[in-house]
Amino acid sequence: MTDAALPADPKGKDGHGPPGTLEESPEEFTDAKHESLFSLETNFLEEEREGNCSLKALQDPFAQHVNKELKEKEIQAVATNPKTTHQLKWPILGQLVFSSRFQQLETFKPPKDIDLKSLHLQKPLESTWIKTNSRFLSGPPNSSSPFTPLQKELFLIMNSYRDLFYPERTALKNGEEIRHVYCLHVINHVLKANAQVLANNSRCRSQKLGVGDDDDFRDQGLTRPKVLIVVPFREAALRVVQLFISLLEGDSKKKITVSNKKRFNGEYGSDPEERPPNLKRPEDYEAVFVGNIDDHFRTGVAILQRSIRLYAPFYSSDILIASPLGLRTIIGGEGEKKRDFDFLSSIELLIIDQADIYLMQNWEHVLHLMNHMNLLPLDSHGVDFSRVRMWSLNNWSKYYRQTLLFGALQDAQINSVFNKYCVNVQGQVAVRNVPMTGCISHVLVQLPHVFQRMEAENLASVIDASQGTHGSRMVLNTWFNFFVNKILPQYRDAVMSHTLIYVPSYFDFVRLRNYFKKEDLNFTHICEYTQKSGVSRARHFFLQGEKQFLLLTERFHFYKRYTIKGIRNLIFYELPTYPHFYSEVCNMLQATTRGEEAAWTCTVLYSKYDAQRLAAVVGVERAAQMLQSKKNVHLFITGER
């Protein structure tokens, strides 16, 4: 991985430069050639398919959802209604919390067996799904279950059109399994929505009616894009598109038409020979940073029956696939001339995949996106208002938008987005399993871990996670003062050399770096913006003991995963965002052992607001004891023989 590919975007790409526009930017290609071929206004449902349209079936979950009529008083009550919740345990997903701001909260349990016919999949998905998903199915290709146990439970929730938060998605374990099932849901949704529009086009033509004569023809939003899929890297976008093709094609002899496929593969694919040789990295790192890891992209996809158009202009697209940075540079900010977010006005299905990675990129971009979802468009974009659904005209689209949020963490900032921005009329489902054993059990070295609790009374204010600074709290004076007055003096003695300070928040890192400079402490530092030569120098000086302290940011560790040699004393300025980074950094102490193991130390700062992160490190029972205890110092010893 080269420094140029580092998705931390130090300058110019961080969403603060001039925004690009899909139509005008000369370096951004959009397909203009196939506009009429993929137009929803001028195409009709093929005659032999019209009879297959299952939308008239009243029990179809898509039809039930889009045809649900809300009343003005229900919308007004949402602001004041307390959220009703109900907990259920499912066999695979575990502890689920069903919730709703609307008055009626409905829950359900998964049936033992699932029949594809009962799921109301649009043709050709019943046949293509089994072929597409075969790599995950252990039984014979025609076995009774077309889903893995995890996929079955996830799809039942998706197909009920509830919002979903699943915080146990990992690139190494189940990421592809989950990507397959949400792509099935996306294609099913788009095919049904487009079939409804095309069928109504045919009805209008055959009945010779003025379109506005019948409210039955209200079948679309104010703009065409219905689905937004947010992924962190181009490789993920490539895999999503490949799944779309597979789901529409299956193993049929008749290939579907894919416009601009070669260009897409060239711009979103990668050359395996570009990867630097001999790089030894953990398995989870290899799984996340595979393929093309550029993080600045956006593309539109149009689907019409058995054809796919890649690089469709946004307002002619059914599906948008983009990174948070790619969206940030087109949404723009206040006062910028070239900005556009009308294409987000009628999104019915929002998928945010690998949400934890955006904490390492720039969480502000995610919040900026959420604040621009489902607003009334500033321009009409040629829409036929007589065909627009009433709830879209009423500016109620956000109550009909389904949001699927997948990540690897129970994180306060991700939780906040789910709680604040997901107000779907069908309700929400969040997976809330607690870690019984923490990752401290994976620390292999003999090491005393001193957990030092910052008393909440001393905290002037703890940031509301919804404001979304990187890390779970603002740079607090009290936190900083506690560290420099109570913790740091213990390490200033020359005897305590080789001290690594692990800092999750970049803002805290800058403040500490400035303080160390002002105090003229013997230190070096590495962050995500440090040049390669600077990293090598800092690592060398630290190993040799020429520098007493090394300040290290979590984002650097996330993007590079270097083993830092020469650590004897370890300070976690804050609990890591990723729990396994805790054991990983602790185990770095054994990279260089020169007989000083008995003097190794580890100090961790935490507060009562770190309950989730603490539980992930020490386990939920220990965390509860540590948070309720009158003592504010707790000691654990790992690696005892």
Any chance you could measure Lys71, atom NZ, to Gln76, atom CD, to the nearest 0.5 Å? 13.5 Å
Does Gly94 offer a backbone N or O that forms a donor-acceptor pair with the side chain of Glu153 under 3.5 Å? no
Evaluate Thr638 against Ile440 for side-chain contact (heavy atoms from CB on, under 4.5 Å), listing each step before the verdict. CA-CA 8 Å; Thr638 54; Ile440 198 169; 3.8 Å; yes
Between His180 and Phe136, how do the two ring planes meet: parallel, tilted or perpendicular, split at 30° and 60°? perpendicular
Below 30° counts as parallel, above 60° as perpendicular, anything between as tilted: where do the rings of Phe558 and Tyr578 land? parallel
Whether the side chain of Lys261 engages the backbone of Leu310 through a donor-acceptor N/O pair (distance < 3.5 Å, no angle test) should be reported. no
Check whether any side-chain heavy atom of Leu137 lies under 4.5 Å from a side-chain heavy atom of Ser145, and answer yes or no. no
Work out which heavy atom in Phe244 is nearest to a heavy atom in Cys183; give both atom names and the distance. CE2-SG, 3.8 Å
Enter the distance from Phe343:CZ to Thr223:OG1 here, rounded to the nearest 0.5 Å. 9.5 Å
Could you tell me if the side chain of Ser270 sits less than 4.5 Å from the side chain of Val290, heavy atoms only? no
Would you mind checking if Asp163 and Arg401 are paired as a salt bridge, meaning a charged N to carboxylate O distance below 4.0 Å? no
Quick one: does Tyr421's side chain get under 4.5 Å of Thr403's, heavy atoms only? no
Could you tell me how the ring of Phe418 sits relative to the ring of Phe165: parallel (under 30°), tilted (30 to 60°) or perpendicular (over 60°)? tilted
side-chain contact (heavy atoms from CB on, under 4.5 Å) for Ile229 and Leu320? Distances and angles first, verdict last. CA-CA 6 Å; Ile229 303 176; Leu320 311 176; over 6 Å; no
Which pair of heavy atoms, one from Pro61 and one from His120, lies closest together, and at what distance? CD-CD2, 3.6 Å
Heavy atoms of other groups near Gln95 CD, more than 12 under 6.0 Å: yes
Once you round to the nearest 0.5 Å, how far does NZ of Lys117 lie from CG of Leu119? 10.5 Å
Counting N and O atoms only, with roles assigned by atom type, does the side chain of Thr128 sit under 3.5 Å from a partner on the main chain of Pro124, one being a donor and the other an acceptor? yes
Between Ile357 and Pro232 the two heavy atoms that sit nearest each other are CG2-CB, 3.8 Å
Gln220 side chain to Val197 backbone, donor-acceptor under 3.5 Å: no
Check: Lys152 side chain, Pro111 main-chain N or O, donor-acceptor pair, under 3.5 Å: yes
Fit a plane to each ring of Phe155 and His185, take the angle between them on a 0 to 90° scale, and name the class: parallel (under 30°), tilted (30 to 60°) or perpendicular (over 60°). perpendicular
So does Lys173 pair up with Glu168, basic N to acidic O under 4.0 Å? no
Close side-chain approach of Asn587 and Val443, heavy atoms under 4.5 Å: yes
Derivation of the side-chain contact (heavy atoms from CB on, under 4.5 Å) call for Gln361 and Val366: CA-CA 10 Å; Gln361 289 180 343; Val366 176; over 6 Å; no
Run the side chain to side chain contact (heavy atoms under 4.5 Å, CB included) test against Arg561 and tell me which residues pass, sequence neighbours left out. Arg281, Pro282, Asp284, Tyr285, His557, His580, Phe581, Glu584
When you measure from the side chain of Arg613 to the backbone N and O of Leu575, does any donor-acceptor pair fall under 3.5 Å? yes
Within this structure, what is the CD1-CZ distance for the pair Ile351 and Phe406, rounded to the nearest 0.5 Å? 6.5 Å
Any heavy-atom pair between the side chains of Leu150 and Leu93 that's under 4.5 Å? yes
Candidate list Leu304, Ile308, Val301, Asn194, test side-chain contact (heavy atoms from CB on, under 4.5 Å), partner Asp318, passing option: Asn194
Taking all non-hydrogen atoms of both residues into account, name the closest pair between Asn419 and Arg101 and its distance. O-NH2, 3.5 Å
Tell me if the centroids of the rings in Tyr400 and Tyr161 come within less than 6.0 Å of each other. no
pair His65-His189: side-chain heavy atoms closer than 4.5 Å: no
Please check this pair: side chain of Trp129 against backbone of Leu184, looking for a donor-acceptor N/O pair closer than 3.5 Å. no
Does Val288 form a side-chain contact (heavy atoms from CB on, under 4.5 Å) with Ile293? I'd like the steps, not just the answer. CA-CA 9 Å; Val288 169; Ile293 55 165; over 6 Å; no
Counting N and O atoms only, with roles assigned by atom type, does the side chain of Ser346 sit under 3.5 Å from a partner on the main chain of Leu222, one being a donor and the other an acceptor? yes
Least distance between heavy atoms, Asn374 atom then Asn395 atom: O-OD1, 3.7 Å
Donor-acceptor pair, Tyr559 side chain versus Met360 backbone, under 3.5 Å? yes
For the backbone of Ser100 and the side chain of Thr84, can you confirm whether one donor and one acceptor N or O come within less than 3.5 Å of each other? yes
How long is the gap from CG on Leu121 to CG on Asp60, to the nearest 0.5 Å? 9.5 Å
Applying ring pair (Phe, Tyr, Trp, His ring centres under 6.0 Å) to Phe297 and not counting sequence neighbours gives Tyr268
Side chains of Gln151 and Glu177: any donor to acceptor distance under 3.5 Å? no
Atom NZ of Lys83: over 12 foreign heavy atoms under 6.0 Å: yes
Side chains of Ile157 and Leu404: does their closest heavy-atom pair fall under 4.5 Å? no
So how far is it from Leu327 CG to Arg298 CZ, rounded to the nearest 0.5 Å? 7.5 Å
Would you say the side chain of Val258 lies within less than 4.5 Å of the side chain of Phe264, judging by non-hydrogen atoms? no
I need the minimum non-hydrogen distance between Glu235 and Arg239, along with the two atoms involved. OE2-NE, 2.8 Å
